[in-house]
There are 2 protein chains.
Amino acid sequence: MKEDRVEQLTARLKDEGGRITSSRRAILRALVDSDGHPTAEQLTAEVKATHPALHESTVYRFLDELERLDVVDHVHLGHGPGVYHFTDDVHNHLVCDLCGSVTEIPSSVIEGLQQKLINEFGFEMEPRHFAVSGCCRDCAKKPTT
Amino acid sequence: MKEDRVEQLTARLKDEGGRITSSRRAILRALVDSDGHPTAEQLTAEVKATHPALHESTVYRFLDELERLDVVDHVHLGHGPGVYHFTDDVHNHLVCDLCGSVTEIPSSVIEGLQQKLINEFGFEMEPRHFAVSGCCRDCAKKPTT
DNA sequence: ATCTTTGCAAACTTTTTGCACCAAT
DNA sequence: ATTGGTGCAAAAAGTTTGCAAAGAT
């Protein structure tokens, strides 16, 4: 349940010494409700509908806090703003350079590479902060416009 | 020879209808000389030493032009400014989230993933615009500071 | 002479910060 | 009553743009 999710997270926040404000609850709601990869701006807009005074800086600050608690993570999908998602939603992103479409892929797809990087370079790839850019199936079909 | 490289590129530019100015030649020199991944800012600083009037916007515009000609490419290694490199210098980057170090890896390392993405998702990964973030060998050793 | 390219200043986008006020504990 | 969170405005940081002057062809 999405309600539960919000409650669970506010409890977590309280545990860590954080305070629960209506802004925060509303931002969490928006984050839980958005089944996608919202930007800070989109979250702000969403919450402003019911909470007009909310400022973008509050959203950024709260998202930072949530990142510190390892609850959310942000990814750069391309040149635009970063997008946020829950850390337990583990997957990776294929971003099309041409049309900007985002395809989620299960992390199993990249496990091979992950292992190789550890073996050969001692590098622990962070699969969450990782977007693969390229050209999606649809754009590959189209003649170069 | 690096001189040759600059000549070859100016010739290429001329072919495409571009004009060769002293700024452009100097930017190309700086790009050829830098054996790394210079940012637009670093290139500007470099060239300004001998060409003080140069403006950052000129560098950006010229780099855009070079990208259009598929001579250079830019990569986002992390949160900072983009870095530029010649497209024929094909390699990939491992960027450490903690210390920011950049490890170049041969593209052979990622060929497996590349093939998998084509087979499973019809997605043509663009290996040049692709940085893998994570934790490098050295930082993995250190206790979390 | 023409048409690019340049330098400049100013806008723009995304994110961060300083500060006084407000609100949760 | 504390202390942390908020709104605001302003500053960063990186990049782009409009424009008139300068320069390459």
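Note that the coordinates shown come from a computational prediction; the quantities given were computed from them, not determined experimentally. Lettering of chains follows the sequences in order, A, B, ..., and the numbering in each one begins at 1. No hydrogens, no waters, no symmetry mates; every other heavy atom, side chains included, goes into these values.
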Taking only N and O in the side chain of [X], is any of them less than 4.0 Å away from OP1 or OP2 of [N]?
{"X": "B:Thr58", "N": "C:dG7", "result": "yes"}
{"X": "B:Thr21", "N": "C:dT6", "result": "yes"}
{"X": "B:Tyr60", "N": "D:dT15", "result": "yes"}
{"X": "A:Arg61", "N": "C:dT16", "result": "no"}

Classify the nucleic acid contact of [X] as base, sugar-phosphate or nothing, counting any heavy atom under 4.0 Å across all strands shown.
{"X": "B:His79", "result": "nothing"}
{"X": "A:Gly17", "result": "nothing"}
{"X": "B:Thr39", "result": "nothing"}

Looking only at side-chain atoms of [X], point me to the closest of [options].
{"X": "A:Arg24", "options": "D:dG5, C:dT14, C:dG7", "result": "D:dG5"}
{"X": "B:Arg19", "options": "D:dG23, C:dT17, D:dT16", "result": "D:dG23"}
{"X": "B:Glu41", "options": "C:dG7, D:dG14, C:dT17", "result": "D:dG14"}

So, A:His37 and A:His93: side-chain donor and acceptor under 3.5 Å apart, yes or no? yes

Which residue lies toward the 5' end of DNA chain C, A:Val83 or B:His55, if each is placed at its nearest nucleotide? B:His55

Atom-to-atom span, [atom1] of [X] to [atom2] of [N] - whole angstrom:
{"X": "B:Gln42", "N": "D:dA13", "atom1": "CD", "atom2": "C1'", "result": "15 Å"}
{"X": "A:Asp64", "N": "D:dT6", "atom1": "CG", "atom2": "P", "result": "12 Å"}
{"X": "A:Lys14", "N": "D:dG5", "atom1": "NZ", "atom2": "P", "result": "13 Å"}
{"X": "A:Phe62", "N": "C:dT15", "atom1": "CZ", "atom2": "P", "result": "17 Å"}
{"X": "B:Glu16", "N": "D:dA24", "atom1": "CD", "atom2": "C1'", "result": "17 Å"}
{"X": "A:Leu69", "N": "D:dG4", "atom1": "CG", "atom2": "C1'", "result": "14 Å"}
{"X": "A:Glu56", "N": "D:dG7", "atom1": "CD", "atom2": "P", "result": "12 Å"}
{"X": "A:Leu43", "N": "C:dT15", "atom1": "CG", "atom2": "C1'", "result": "14 Å"}

Which pair of heavy atoms, one from B:Val95 and one from B:Gly100, lies closest together, and at what distance? CG1-O, 4.4 Å

For B:Val59, is there any backbone N or O sitting under 3.5 Å from a side-chain donor or acceptor partner on B:Arg24? no

Determine, using the 4.5 Å side-chain heavy-atom cutoff (strictly less than), whether B:Leu54 and B:Ile20 are members of one ILVMFWY cluster. yes

Run the numbers on B:Glu65 and B:Arg61 for salt bridge (charged side-chain N to carboxylate O under 4.0 Å, His left out), then give the verdict. CA-CA 6 Å; B:Glu65 181 75 29; B:Arg61 277 188 284 225; over 6 Å; no

